[in-house]
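Okay, structure first, notes after.
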There are 2 protein chains.
Amino acid sequence: MKTRERILHTSIALFNELGEPNVTTLLIADELDISPGNLYYHFKSKTEILNELFAWYEEAMYGILSVPESDMEIEDLWFYLHLIFENIAKFQFLYKDLVTVVAKYPHLEKRFQKVLSTKRKACNAVLERAKKAGRLNASDSEIEALTEHVILITTFWLSYSVINEGEVQNDALARGVYQVMSVVAPFLEVDRRDMINSLKEAYL
Amino acid sequence: MKTRERILHTSIALFNELGEPNVTTLLIADELDISPGNLYYHFKSKTEILNELFAWYEEAMYGILSVPESDMEIEDLWFYLHLIFENIAKFQFLYKDLVTVVAKYPHLEKRFQKVLSTKRKACNAVLERAKKAGRLNASDSEIEALTEHVILITTFWLSYSVINEGEVQNDALARGVYQVMSVVAPFLEVDRRDMINSLKEAYL
DNA sequence: GTCTATATTTAGATAGAC
DNA sequence: GTCTATCTAAATATAGAC
């Protein structure tokens with residue numbers, strides 16, 4: 001792996017572990033056993049490292065969100081949500097210090113908002129489709145509130161885990177998925193609600 | 001008002017407006033038209049300012065949470081939730097940069113967790129009481145998930161608002177209250193659900 | 001491409017006069 | 001209690017040799 005690539009991979013690892021505000025360019029260089037001068041040969045600033053990582057994040061997220069979610073069953077939804085949570089975990093430094101990071105790198109604000117609004121649309125589409133398929137009983141305003149819940153939970157579940165447990169535990173993602181499912185459950189028929197409980201038993 | 005008090009009030013205002021990581025002791029002193037030396041005469045460090053403000057926060061929060069919530073109707077719940085959101089808004093600098101602030105001031109971690117667990121107990125008690133009074137139809141595991149939802153929403157609603165709108169809007173608190181109510185609504189009888197919609201119309 | 005050495009800036013904090 | 005002046009430490013970033 002070329003130095004430039006190694007810098008990016010080490011940066012994301014350190015950011016995720018220690019939080020972006022606590023990772024200096026010197027620390028990244030130290031961890032790689034290269035000099036700070038070398039690091040700055042490849043990236044003219046810390047911001048540029050962050051930009052590149054954010055581009056990775058966007059690419060991964062839009063990739064997942066563009067999946068043609070044709071009429072999913074509960075198990076598919078569980079799986080799909082897990083995929084999203086996994087990608088969030090991969091870029092958890094963005095989520096754990098979201099407001100701070102966006103304040104520090106203002107040009108990321110609009111881009112992050114765009115990801116969120118894409119997520120919102122995808123979520124809305126999934127719920128509307130479930131309603132049309134007769135799987136979901138919810139009014140328009142209920143679907144609207146549900147969508148907000150789903151986006152809020154997915155966005156802040158990792159922060160919530162860190163605050164409660166001091167770190168991101170192994171089962172944090174599965175518990176996040178369950179938490180999302182539990183907010184949708186009341187609008188499903190009874191037998192599908194049981195299925196969520198089965199999935200909880202199986203994965204949690 | 002004595003200088004010591006003025007420092008605290010100016011600090012909380014600047015923290016809330018700009019975010020704790022972006023407020024230096026020099027900025028606080030400048031805003032007050034006093035010298036940095038003077039500020040350090042009253043507080044030996046920035047951490048000590050934060051400690052004092054956090055003690056304010058704890059006092060206010062425990063005060064609200066110890067209210068004997070005897071069997072609340074929907075309107076009372078709405079009002080009670082608004083009280084909690086208002087206090088969160090008063091100390092929004094803690095919430096907007098929660099993970100960052102706790103990482104920077106590690107001794108606050110346990111204390112914040114204690115506030116959260118007190119909140120969790122209060123929420124659980126309210127829901128259990130509503131169930132016993134026949135107002136809420138929810139299983140134990142549903143009440144457990146509901147409690148998590150309520151704590152998650154109250155904790156991160158302000159961050160969510162900032163990310164989505166770039167700042168905390170005037171109606172952010174009322175929308176937060178509604179969002180919490182909407183997660184409880186499916187477990188209420190139909191007429192009480194309508195009441196939530198009426199409250200939404202009235203306050204939002 | 002990589003290194004060493006160093007410059008620049010800024011935040012937190014202290015010393016000592018008034 | 002308050003001020004001016006200054007120190008220290010740390011983080012970002014650059015210059016120039018190899």
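A note on names: the letters A, B, ... follow the listed sequences, proteins ahead of strands, and every chain is numbered from 1. All values below come from the heavy atoms of this structure, side chains included, with hydrogens, waters and symmetry mates left out.
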Which is true for A:Ser35 with a 4.0 Å heavy-atom rule: it touches a base, it touches only sugar-phosphate, or it touches nothing?
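Touches a base.
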With nearest nucleotide decided by heavy atoms, which residue, B:Lys2 or B:Pro36, maps closer to the 5′ end of DNA chain D?
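Per heavy-atom nearest nucleotide, the more 5' residue is B:Lys2.
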Nearest nucleotide by nearest heavy atom, which residue falls closer to the 5' end of DNA chain D, B:Asp33 or A:Leu26?
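That would be B:Asp33.
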Will you find, in the side chains of B:Tyr160 and B:Gln179, an N or O donor that is under 3.5 Å from an N or O acceptor?
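No, because no side-chain N or O of B:Tyr160 sits under 3.5 Å from a partner of the opposite role on B:Gln179.
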Can you measure [X] atom [atom1] to [N] atom [atom2] for me and round it to whole angstrom units?
X	N	atom1	atom2	result
B:His42	C:dA13	NE2	P	16 Å
B:Tyr105	C:dG12	OH	C1'	10 Å
B:Glu20	C:dG12	CD	P	8 Å
B:Glu48	C:dA13	CD	P	10 Å
B:Leu39	C:dT14	CG	P	12 Å
B:Asn22	C:dT10	CG	P	14 Å

Does the distance from a Lys or Arg side-chain N to an Asp or Glu carboxylate O, for A:Arg135 and A:Glu73, drop under 4.0 Å?
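Between A:Glu73 and A:Arg135 there is a salt bridge, with a charged N closer than 4.0 Å to a carboxylate O.
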So, B:Lys131 and B:Glu142, do they make that salt bridge, N to O below 4.0 Å?
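Looking at B:Glu142 together with B:Lys131, the answer is no, because their closest N to O distance does not fall below 4.0 Å.
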For a 4.0 angstrom threshold against heavy atoms of chain A, report the outermost contacting nucleotides of DNA chain D in 5' to 3' order.
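It runs D:dA11 to D:dT14.
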Side-chain contact test, heavy atoms from C-beta onward, threshold under 4.5 Å: evaluate it for A:Met195 versus A:Glu75 and give yes or no.
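Answer yes - side chains close enough.
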Do B:Glu148 and B:Leu152 have side chains that get closer than 4.5 Å, going by heavy atoms?
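Heavy-atom side-chain distance check fails, nothing below 4.5 Å.
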Take B:His42 and B:Arg6 through the side-chain contact (heavy atoms from CB on, under 4.5 Å) test and state the conclusion after the steps.
CA-CA 11 Å; B:His42 292 284; B:Arg6 293 208 307 137; over 6 Å; no
